[in-house]
2 protein chains.
Amino acid sequence: MAVTIKDVARKAGVSPSTVSRVISNHPRISPETSRRVKEIMKQLGYHSNIMARSLVSNKTFTLGMILPRPAEELFQNHFFAENIRGITTQASRNGYDVLMTAGHSEHGELEAVTRLVKGKRVDGIILLQSRKDDPIIAFLKKEDFPFILIGNYGDNDILCVDNDNVQASYDATMHLISQGHHRIGFVSGPPNLTVSRDRLEGYKKALTDNGIRLETEWVMEGEFLQESGYRAMSFFMNLPDRPTALVVIDDIVTFGILRGLSELGYKVPDDLSLVSFNNIYLAELSSPPLSSIDIGIYQLGYMASQLLTRRIQGEKPQQLRTIVPHRLVVRESSLNIKRNWS
Amino acid sequence: MAVTIKDVARKAGVSPSTVSRVISNHPRISPETSRRVKEIMKQLGYHSNIMARSLVSNKTFTLGMILPRPAEELFQNHFFAENIRGITTQASRNGYDVLMTAGHSEHGELEAVTRLVKGKRVDGIILLQSRKDDPIIAFLKKEDFPFILIGNYGDNDILCVDNDNVQASYDATMHLISQGHHRIGFVSGPPNLTVSRDRLEGYKKALTDNGIRLETEWVMEGEFLQESGYRAMSFFMNLPDRPTALVVIDDIVTFGILRGLSELGYKVPDDLSLVSFNNIYLAELSSPPLSSIDIGIYQLGYMASQLLTRRIQGEKPQQLRTIVPHRLVVRESSLNIKRNWS
DNA sequence: TCGATTTGTGCAAACGTATTTACAAACTCT
DNA sequence: AGAGTTTGTAAATACGTTTGCACAAATCGA
C-alpha cells in the first residue's frame, strides 16, 4: 500500500491538514512543525497522489496534444520531434507535463479532444496543425477552453505562434539579390496554404523594392515533395530565358531540384543558386549544403507551451499572435562563387 | 460548472451508482434504464471525470515517458518521432494515453520518474534509452513498477524490445557477398555499445560462414557521426590493399563516407559499395540512394507500448525480450553495376 | 403457492487530497 | 490585566467516482 498524507500525519503526530499545508508552504505553519513533517515525508518516501490532488484543485498541470496523422515526410518528422522537445522542455520547467493521445480516425480527433477537455484531464491544449474550419478549434472556442495553435490560421481571434513568413521570404529573396542575382524564380507549395501565400508575397515584395519586374512565368506551384522540385527544375531549365536563382518553399523540394540538376550535369550554385525554408538537418549534409531559412521549430514549441501555461494561469496575453524569429543560414547553395574567388 | 454523474442521475431519476454502472456496462442493469441514462448523458454532454475515476480505481490508463536529452543528431530525431508515433498509436488503440515529462537535469530524470511512479500518475513507463547501471531502471525494479525498455541492456531480466542486430548485420554482409564482394570492411560505432558489438559479430559471422578471412585492419571504430565516416573513408581509401565494400553502423556515418568519396572523385557503388543501418528517410534521398537495414522504429515503439499495456493488465509475457524484425532495403549504393548492365 | 433464486437499484463508504471553519494558545497594546 | 489580534493546528467537508452490501421486486421451480 502506498503511503498517504494520513500516514505521514499519524507518524508526525499532526493532522492531515497540517501535512497538506506543509506541502503547499502555507504561511501559518510553524517552522518547527514544517521541518518535522518534511523529515517524516522524506523518511517514508511520501509523494502526494497527483490524481487526488487534481481532483480537488481542479488542475491537472498537464498540457494536451493530439498526435498528428501519419506524416511520412522528412520535414514533418523533424518538425514533430523538435516541436515536442520545445513544448515538453518548457512545460516541465513550469511544472507541467505533456499528454499525448491519438484520434482513431479523422473524426476521432475531435472525440479525443472532447474526452480530454470534458474529462478534465488537461488544463490546456496545443494544436500542431489546423485545417480550414477545423471542428476542433470550433469546439475549443465554444467551450472557452485554453488552447494555442502552432502555425497559421485564417481567423486571428485565437492564440497562436507562427513565423513571419512574409518577412522570411523577403529576407531570402534579398539575400539572392545581394549576391548579384536579379533573375529570381519562386517554387511555391499548395496555393491554398497560408504559408505558401505569405512566402510568395515576401518574394514579390523584395523584387518590387529592388525595382525588379516580376516574371509571373517564374512562379511555380507544387507540393511539399521532392517530385515537385524535380518538376520545377525541369520546367525552369528548359526555359529559353531562365532564372539564375530560386527561392524554394521547403528544403525537401530543393532536394528534388538538386537531384534533377545533378542528373542534367548542372552545378549549384554556379548554374542555379538556391535558398529554401526550414533548415532541416539534411540541409547541412547535402551537397552542396543548402542555404535555408531556419524557422526555429524548437522555439515555436517552446513559445507555444509558455504562452499556453500563462494563459491557463489566467494571464491575459498582450497579443494573440506571437512571432518566432527566423534566421537565414547561408551555405554554399547560394554563395556567389565569383565573389568568393575574386 | 461541469456536469457530473450526479446531475445525470438526478435528471434520469436514478442514483449516481446506477449511472456509474451504466457507464461500465454492469450486467445487472436493465436495458431500459441503460438506454434512458445514456440518452440523458448524451443530452447533457456528460463525460466522466478521469481524475476522479482513476483516484478510486487506482488506474490512470496512462503510459509515462521521459523526454530524451537534447539529441541534435538526425537519426535521434527521426528515431524519437517514429518511436512516439508507434507508442502513442498503439496506446490510444488500447485506451491509454502517453504522458511525457522532462527531467531538468541529469539527476532530474530520476526525480521525474519518481514523481510519476509514487504520485501514481501513470500505470507504466517506457524507457527510450538506457545508460549502463541506469539508476532509473534500478528504481523501477525496486518498486516493481511496470516498465519496458526500447533497446538493449546488459541484464536480461527486464522487459524490452530490440532488434536482432547480429542477424541484421549478418544479412547486410551476406547481401554484399551475394553481390560478388569478398573484400568487405566494417565501420563500427562506439565499442562499448551493445549495438556496435552485435553488429560487428554478425559481420564476422557472415565472413566466416563464407570462408572469407577477417582482415582486422578493415574494422574501424568511431561515433554515430558524419565525421566518423569521413575519417573511415580516408583511412580505407589510402590503404594499398583496400576493400571493395563496407558495412556501416549507421546511415549518418555513411553520409560522411559519401561526402569524402565524392570529394576524391570516387563513385558509389563502382569504387566502393555501401550498406548501412537504420534506413532513415534521408537514405532514400541521397545520391546515390543508400542500401540500408530498416530496423522498424515505429514497430519498436508500437511493440513496446503493446507489451507494456499487457504487462500492466497482469498478463505474463512469454519472454522478456522481444525482437522486432529488420529488413534490408536495397538501393543503388550496393548494387552490382556490372550485373545490372550485363 | 411458497420458499428460493435472480434481477435491478439505492445507500454509504471509500479513494487521497485541499480548503474552509473553528478554536485554543500566544502574543500585542494600552 | 484584559480586550484585541495573530499564530498554529484540528475537524469537517468537498472533489467525482466506484463498489460492496443491502434489499425490494420479479421470476422460478416444485
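In what follows, chains carry the letters A, B, and so on, assigned in the order in which the sequence lines appear, proteins first and then strands, with residues in each chain numbered from 1. A quick note: this is a predicted structure, and the numbers were derived from the prediction, not measured.
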Lys/Arg N to Asp/Glu carboxylate O, B:Asp157 vs B:Arg321, below 4.0 Å: no

Touch class at under 4.0 angstrom, heavy-atom based, for B:Gly13 against every strand present: sugar-phosphate

Distance, rounded to the nearest Å, where A:Met51 contributes CE and C:dA18 contributes P: 14 Å

B:Arg10 CZ - D:dG16 P separation (whole Å): 12 Å

Nearest listed nucleotide, side chain of B:Pro31, among D:dG16, D:dA10, C:dG8: C:dG8

Nearest to side-chain heavy atoms of B:Leu55, which nucleotide of C:dC15, D:dA11, D:dT17: C:dC15

Integer-rounded Å distance: C:dT17 C1' and B:Asn49 CG: 14 Å

Touch class at under 4.0 angstrom, heavy-atom based, for A:Lys6 against every strand present: base

Whole-Å distance separating the CZ atom of B:Arg53 from the P atom of C:dG16: 18 Å

Heavy-atom pair with the smallest gap, counting every atom of A:Asn163 and A:Val324: ND2-O, 3.2 Å

Donor on one side chain, acceptor on other, A:Thr101 and A:Arg115, under 3.5 Å: yes

Check: B:Thr33 and B:Thr18 side chains under 4.5 Å, non-hydrogen atoms: yes

Sugar-phosphate, base or nothing in reach of B:Ser30, heavy atoms under 4.0 Å: sugar-phosphate

N/O (side chain, B:Thr4) to phosphate O (OP1/OP2, D:dG16) under 4.0 Å: no

Selected nucleotide, minimal atom distance to A:Ser17 side chain, candidates C:dG16, D:dG20, D:dA10: D:dA10

Value in whole Å for how far the C1' atom of C:dC15 lies from CD1 of A:Ile5: 13 Å

Touch class at under 4.0 angstrom, heavy-atom based, for A:Ser20 against every strand present: base

Heavy-atom side-chain proximity of B:Phe147 to B:Ile136 below 4.5 angstrom: no

Presence of donor-acceptor pair under 3.5 Å, side chain of B:Ser54 and base of C:dC15: no

Sugar-phosphate only, base, or nothing, as touched by A:Arg28 at under 4.0 Å among non-hydrogen atoms: base

Sugar-phosphate only, base, or nothing, as touched by A:Ser24 at under 4.0 Å among non-hydrogen atoms: nothing

Distance-only donor-acceptor check, side chains B:Ser54 and A:Arg121, under 3.5 Å: no

Rounded interatomic separation in angstrom, taking NZ from B:Lys59 and P from C:dA14: 20 Å

Side chain of A:Ile29 - closest among D:dG16, C:dT17, D:dT9: D:dT9

Between D:dC15 (P) and A:Arg121 (CZ): distance, integer Å: 22 Å

Of B:Ala52 and B:Pro16, the one whose closest DNA chain C nucleotide lies more 5': B:Pro16

Shortest side-chain distance from A:Arg21, nucleotide among C:dG10, C:dA18, D:dT9: D:dT9

Gap between atoms NE2 and P, on B:His26 and D:dT18 respectively (whole Å): 12 Å

Under 4.0 angstrom between B:Thr18 side-chain N/O and C:dG8 OP1 or OP2: no

